[in-house]
There are 2 protein chains.
Amino acid sequence: MSGVQGYDPRTGEPFGEPVPVTSDAEVDALARAAEAAFPSWSTLPGAERAELLDGLADALDAESGPLVETADRETALGVPRLTTELKRTTNQLRLFAGVLREGSYVEAVLDGADPDIIPPRPELRRVLRPLGPVAVFSASNFPFAFSVAGGDTASALAAGCPVVVKSHSAHPSTARETARVVASVLPAGVFGIVYGTQAGVALVKHPAVRAVGFTGSTGGGRALFDLASSRPDPIPFYGELGSVNPAVVLPAAASARGAEIAAGFAGSLVMGVGQFCTNPGLLFAPTALVPALAEAVSASAGGAMLNERMRDSYRSGTEDLAASGLASLVAEGTAPEAGWTAAPKLFTVPVEVFEENRERLTEEHFGPAGVVVTYDDPARVLALLPSLPGTLTGTVHADPEEHGLAAQAAEALRGVAGRIIFNAWPTGVAVAWGMHHGGPWPATTNPLHTSVGATSIRRWLAPVTYQSWPDELLPPELQSGNPLGIPRRVDGVLGTR
Amino acid sequence: MSGVQGYDPRTGEPFGEPVPVTSDAEVDALARAAEAAFPSWSTLPGAERAELLDGLADALDAESGPLVETADRETALGVPRLTTELKRTTNQLRLFAGVLREGSYVEAVLDGADPDIIPPRPELRRVLRPLGPVAVFSASNFPFAFSVAGGDTASALAAGCPVVVKSHSAHPSTARETARVVASVLPAGVFGIVYGTQAGVALVKHPAVRAVGFTGSTGGGRALFDLASSRPDPIPFYGELGSVNPAVVLPAAASARGAEIAAGFAGSLVMGVGQFCTNPGLLFAPTALVPALAEAVSASAGGAMLNERMRDSYRSGTEDLAASGLASLVAEGTAPEAGWTAAPKLFTVPVEVFEENRERLTEEHFGPAGVVVTYDDPARVLALLPSLPGTLTGTVHADPEEHGLAAQAAEALRGVAGRIIFNAWPTGVAVAWGMHHGGPWPATTNPLHTSVGATSIRRWLAPVTYQSWPDELLPPELQSGNPLGIPRRVDGVLGTR
């Protein structure tokens with residue numbers, strides 16, 4: 001039987017034992033087990049699912065040391081970053097536990113009967129119910145927060161959906177060790193994990209699977225989206241794909257605090273060797289800011305990338321860009337000699353050239369590479385923002401005197417970006433009620449949904465309306481006395497009746 | 001230039017002048033006009049869009065006489081039903097106006113900064129924004145409520161999205177006259193209409209169109225869903241397709257009020273010549289109830305169907321079913337001789353035969369045909385409910401002594417049906433906050449959404465989060481003082497802060 005072998009990116013040497021790939025028969029057994037676990041998991045009171053999510057968070061925190069050590073060997077992301085990432089992952093589980101206890105996530109609606117309107121209204125009570133077993137494809141660049149016990153898994157479990165994870169091939173040992181902790185806390189069948197590309201395909205096509213979450217490349221995500229959409233019974237596919245994350249530095253901000261902006265940009269660009277989906281790969285800046293930007297990137301350090309393929313496509317992508325003659329390489333940072341390392345690179349291109357070569361120049365180069373589009377007239381930049389490809393974030397740097405321009409930039413960005421940032425940088429995605437980590441294609445496969453934050457749970461829930469049922473036969477969320485004390489909409493009015 | 005010709009189903013003769021089909025160039029111009037109108041329509045304050053929706057409702061009511069007359073000639077649905085349907089359509093517009101004024105539909109969320117948690121949280125403010133121009137495919141069977149000014153159009157306009165309607169070929173004059181009223185009320189570009197199959201295809205593929213609403217057949221809906229999903233930039237496609245709407249009559253209810261149940265069933269089955277998406281085509285009933293059901297259906301009257309193709313497929317579908325030997329034709333109602341008429345038909349099949357031929361026996365026969373699955377042991381019925389195809393509605397008739405069984409039936413139905421009805425019938429879809437008119441495939445292409453009711457507006461909205469923006473640059477929905485006074489979630493708590 002073949003296996004998924006992990007590697008140490010700092011040396012390029014194998015790390016750990018290969019993890020056996022999952023056969024189609026094993027995928028089927030896991031999906032069927034998830035289906036069998038669905039009735040009990042989906043009807044467990046939210047407060048009890050919350051207890052289990054809290055327990056899972058505690059169990060992962062208790063294993064933080066060995067989990068982080070394994071992840072660091074397989075990803076080279078460093079112990080401090082990975083320690084923080086695991087804490088972020090467990091805090092995410094605790095946020096969802098809180099969401100379950102608060103209870104408004106089921107969006108309960110109670111309408112009294114009204115026989116006199118047209119059409120007449122019977123008594124209607126609406127609530128959200130979980131969809132069924134969910135497949136989650138984990139990401140390479142966040143071995144905890146977007147992987148086995150990451151946001152997709154946590155939100156689906158919170159919703160009441162069993163989860164089968166397709167682990168990422170770049171960190172099989174981290175996946176297996178995390179899965180062991182998850183499985184030890186949850187009831188049998190509620191969680192499963194598979195290894196290998198074919199197992200992922202089998203999962204998306206499996207009749208028991210009712211929805212898919214995915215974080216990864218545009219190519220891989222599109223292939224799986226097409227698979228999910230072309231099933232005899234199409235299922236929702238929530239993919240977070242590529243993003244260039246445009247940032248605009250307006251003229252007065254560039255003049256007033258050029259060095260600070262340049263340092264902030266370079267820090268955001270090279271963080272985690274640029275392997276963030278919110279990496280600011282496209283910067284619109286006054287021509288005068290280029291020297292400061294180049295200085296900051298020259299002074300920055302790269303490092304080992306997550307795997308050899310990524311390093312290779314970073315190299316070939318940035319070399320092709322330099323060779324294209326469209327953009328000029330103006331700065332390069334440092335990188336260690338050994339391992340699958342990459343150095344930060346900064347390119348510039350005048351806005352006039354960008355306008356004519358938009359498609360080529362908005363290709364994402366996953367890694368610490370940035371393209372600065374230089375401009376003299378901000379109106380020219382504002383005019384082209386709405387035609388940028390869909391993106392997770394858009395950033396504006398402005399001084400108080402140019403708030404009018406900043407508001408125009410926000411208006412221009414809001415049709416293409418999921419999150420619009422003022423005088424800060426896009427890397428770092430808070431886990432909160434107000435977070436939106438999504439955006440129009442190709443940022444995601446569905447602009448209505450987020451993969452981070454409290455509202456990400458909505459992806460795994462569908463409405464059901466009960467018409468004229470006796471009160472005692474209704475789910476507690478919908479009973480007249482509101483026994484769970486949750487926020488509800490009663491006769492059109494939001495409240496806690 | 002070819003045209004779309006309407007017909008009078010009562011005679012089979014042409015009605016009215018053919019309406020010219022829309023060329024690809026005209027489709028492009030309408031989609032571009034919608035795109036051009038988007039910035040102003042989407043940023044018009046909700047209260048002002050509400051005024052226009054109310055104005056549109058009043059304008060349609062004022063034209064009720066001639067609109068209903070035309071629709072009756074093209075659909076044969078009758079003046080009383082069509083008068084009510086138009087009123088339902090205008091009340092729907094008024095409901096959405098109310099939703100805009102209440103303001104919670106934008107789901108505003110305000111989170112304060114918290115630098116101490118992991119990961120640190122900046123100030124985040126989330127709101128829903130309209131997607132962009134929407135294509136709406138209108139239905140044959142509701143020439144007002146699911147057509148030019150119907151639910152998809154009304155909800156998309158309410159959301160702030162311009163709409164281009166693909167009219168249904170069965171009622172071109174009704175569509176054109178309704179479109180004239182709509183266009184007279186709305187700003188230029190906010191509403192357009194196209195005619196002809198190819199124009200619909202061009203619309204779904206048009207780069208300016210950001211989402212599609214559809215009500216119609218499973219085959220037609222699937223083809224357009226595939227088109228939307230295979231675009232270079234896939235767009236959301238909300239299709240309401242076929243549905244068999246299973247109903248279960250439990251034994252004590254059948255004994256206690258068999259005649260009443262039989263009359264209610266037959267009434268729901270033949271209403272509008274069975275041309276409702278919520279038509280109860282599949283009834284599970286004790287064997288003893290069959291004579292009463294047969295009597296009620298024999299006494300019922302059919303009528304002219306909407307068009308010749310529908311009448312033909314009703315005939316061939318029900319004849320094939322009778323010829324299959326799987327089900328027995330036990331009753332047939334009456335129908336007028338002239339025109340494209342169809343008579344109600346009732347079939348029976350023992351539950352044992354149904355279990356072995358589920359796929360064949362859950363095919364929808366659009367029209368007044370019902371299949372009664374006869375049973376002696378209700379446990380057998382409960383066991384097969386979860387494996388039924390996705391459906392808009394599921395119905396349970398129960399007497400107080402069998403409430404336990406009824407609750408089990410509801411639990412079994414909630415994974416397959418969008419609305420679960422107690423001791424009533426599924427036809428008649430109220431327009432309300434609590435309505436869910438949706439369900440798993442093939443009832444719809446996306447189980448998360450409804451095409452009727454206040455929450456149908458959610459289909460046309462996507463989130464955007466503002467991070468750390470100065471208060472005065474934010475949309476009013478997100479400003480600290482809550483100038484619009486709308487319900488919001490502030491620091492995790494729902495309220496009106």
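When reading the values below, keep in mind they use all heavy atoms of this one structure, side chains included, and skip hydrogens, waters and symmetry mates. Proteins come first, then strands; the chains are lettered A, B, ... in the order of their sequence lines, and each starts at number 1. The shown structure was predicted, so the numbers you read here are calculated from the model rather than taken from an experiment.
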For the residue pair B:Leu131 and A:Leu448, what are the closest heavy atoms and their distance? CD1-CD1, 4.1 Å

How close do B:Thr465 and A:Met435 get, counting heavy atoms only, and between which atoms? OG1-C, 3.7 Å

Considering only heavy atoms, which portion of [X] lies under 4.5 Å from any heavy atom of chain B: side chain, backbone, both, or neither?
X        : value
A:Ala406 : both
A:Pro447 : both
A:Pro463 : both
A:Trp433 : both
A:Leu461 : backbone

So do B:Asp226 and A:Ser230 actually touch side chain to side chain, heavy atoms under 4.5 Å? no

Is B:Glu411 close to A:Thr43 at the side-chain level, that is, under 4.5 Å between some pair of heavy atoms? yes

Chain A contact via B:Leu413 - side chain, backbone, both or neither, heavy atoms under 4.5 Å: neither

Quick check: does any side chain N or O of [X] sit under 3.5 Å from a backbone N or O of [Y], one acting as donor and the other as acceptor?
X        : Y        : result
A:Ser468 : B:Phe422 : no
A:Trp441 : B:Pro232 : yes
A:Arg414 : B:Arg129 : no

Judged by modelled atom types alone, do A:Ser104 and B:Arg489 share a side-chain donor-acceptor pair under 3.5 Å? yes

In terms of heavy-atom pairs under 4.5 Å with chain B, which of A:Glu107, A:Arg210, A:Arg125, A:His403 leads? A:His403

